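So the structure is just underneath, and the comments pick up after that.
These numbers were taken from a predicted model, which means no experiment stands behind them. In what follows, chains are A, B, ... by sequence order, proteins preceding strands, each numbered from 1.
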There are 6 protein chains.
Amino acid sequence: MPNDWLPSLITSTRQDSYAPPVLLSRMAVKLIQSDAAFREKLRSEYEVDADALIAVPHVAATQFSTIAATNNYWRNIQ
Amino acid sequence: MPNDWLPSLITSTRQDSYAPPVLLSRMAVKLIQSDAAFREKLRSEYEVDADALIAVPHVAATQFSTIAATNNYWRNIQ
Amino acid sequence: MPNDWLPSLITSTRQDSYAPPVLLSRMAVKLIQSDAAFREKLRSEYEVDADALIAVPHVAATQFSTIAATNNYWRNIQ
Amino acid sequence: MPNDWLPSLITSTRQDSYAPPVLLSRMAVKLIQSDAAFREKLRSEYEVDADALIAVPHVAATQFSTIAATNNYWRNIQ
Amino acid sequence: MPNDWLPSLITSTRQDSYAPPVLLSRMAVKLIQSDAAFREKLRSEYEVDADALIAVPHVAATQFSTIAATNNYWRNIQ
Amino acid sequence: MPNDWLPSLITSTRQDSYAPPVLLSRMAVKLIQSDAAFREKLRSEYEVDADALIAVPHVAATQFSTIAATNNYWRNIQ
């Protein structure tokens, strides 16, 4: 695992807020499945699965909550 | 991904509070399934699935919690 | 979607605390299934499903947490 | 729904902390299945289901978190 | 239910932090399945189930969050 | 269970933030399945399961939220 895989959770725009969650989720996935080719195969399964299309935003919502708190909800950004 | 896809999380009315979660969830879905036609097909599956009709509000509840905190629970709005 | 579908999250009694979550969940369901007759049909499925009877209170618990925080946990109400 | 179904979330002991979540979950279940005999039948299903024995404590954990915050984590109770 | 089943949520070490969640989860399970022999049988099912080995830590993570907040994240403990 | 299994939740870098969640999850798993060989077998099942690759990051997201709060979101770390 590289030492600098996770950049700051502070993001300059709301639009960037999904970058840390995506990185965090990918790292969690790598921790249980280290084979990139296999991860790609599994991805091809869940990207066509209706349940997964609900489950993935649930994980994103949980991570987004943390990132939003980190950034004080971007209240000072118009 | 457009630079301005996520408008402010601050909403002027409680009724608008679902707009950011809907945008956030759609973006999460797009990140795993970029094909719009395919997303439409999957949507046609889960909109007739009883489990999905419980799972989707669960995701919405998680996002709503973040948006409500952002807006200090709209305590100052009658 | 009517402009005034979501009344204040501030409730005068604890007993009223479930009204906003119920409204929020119904609106989330409507966003994915706009056909009322179809929603009724799906409801008839999950109201006889043991898993759903656990999943629905889970969603309610998540929403209740937000409403309770909004109301400062009704600490000033006997 | 009786007007006084939900007593105070403030509990005098930690041991009482599960009473409000149990009440809240039962009320959520009643909102989707109003037939008591049917609820009893569904209960007889999930009380022998290993998945349910994990899912129910998950709901309880979510509710407990709210009740614990309400009571300032019973920090002043030995 | 004994009156003193739940000891303080304040723990002197981080290592003890799992004791309250384990007690809380066991109590939740007992509330839905009071027969100890039956609980043991169900346990023998989920302890060999891969999904359960993910679901149980999810419940533990939710409870741990509450216990960590209770203890101010053990920030003063080296 | 060793007395010192859980090191400080305070981490010096964001990159280290996944170490405590991984430890916490492993301990939760050990509490329900004490046989290491069996845990390895179950792991070989879920590491090739698309649903598990979504469920595991969900658990990690919940734990990460606690660790991030513990560390005041690493706001003082560049």
**Prompt:** Just checking heavy atoms, which of residues 51-60 of chain D are less than 4.5 Å from chain C?
**Reply:**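 The stretch touches chain C at D:Ala52, D:Ala55, D:Val56, D:His58, D:Val59.
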**Asked** Quick one: does D:Gln63's side chain get under 4.5 Å of D:Leu23's, heavy atoms only?
**Response**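 No, too far: nothing below the 4.5 Å cut-off.
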In Å and rounded to the nearest 0.5 Å, what is the [atom1] to [atom2] distance from [X] to [Y]?
X	Y	atom1	atom2	result
C:Leu24	C:Thr62	CG	OG1	12.0 Å
D:Ile10	C:Tyr73	CD1	OH	10.5 Å
C:Phe64	D:Thr66	CZ	OG1	6.5 Å

**Contact listing (chain D partner; residues 33-46 of chain C; heavy atom under 4.5 Å)** =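 Residues in range: C:Arg43, C:Tyr46.
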**Message:** Using a 3.5 Å distance criterion without hydrogens, assess whether the side chain of C:Ser65 forms a donor-acceptor pair with backbone atoms of C:Ala61.
**Reply:**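 Checking the backbone N and O of C:Ala61 against the side chain of C:Ser65, no donor-acceptor pair under 3.5 Å is found.
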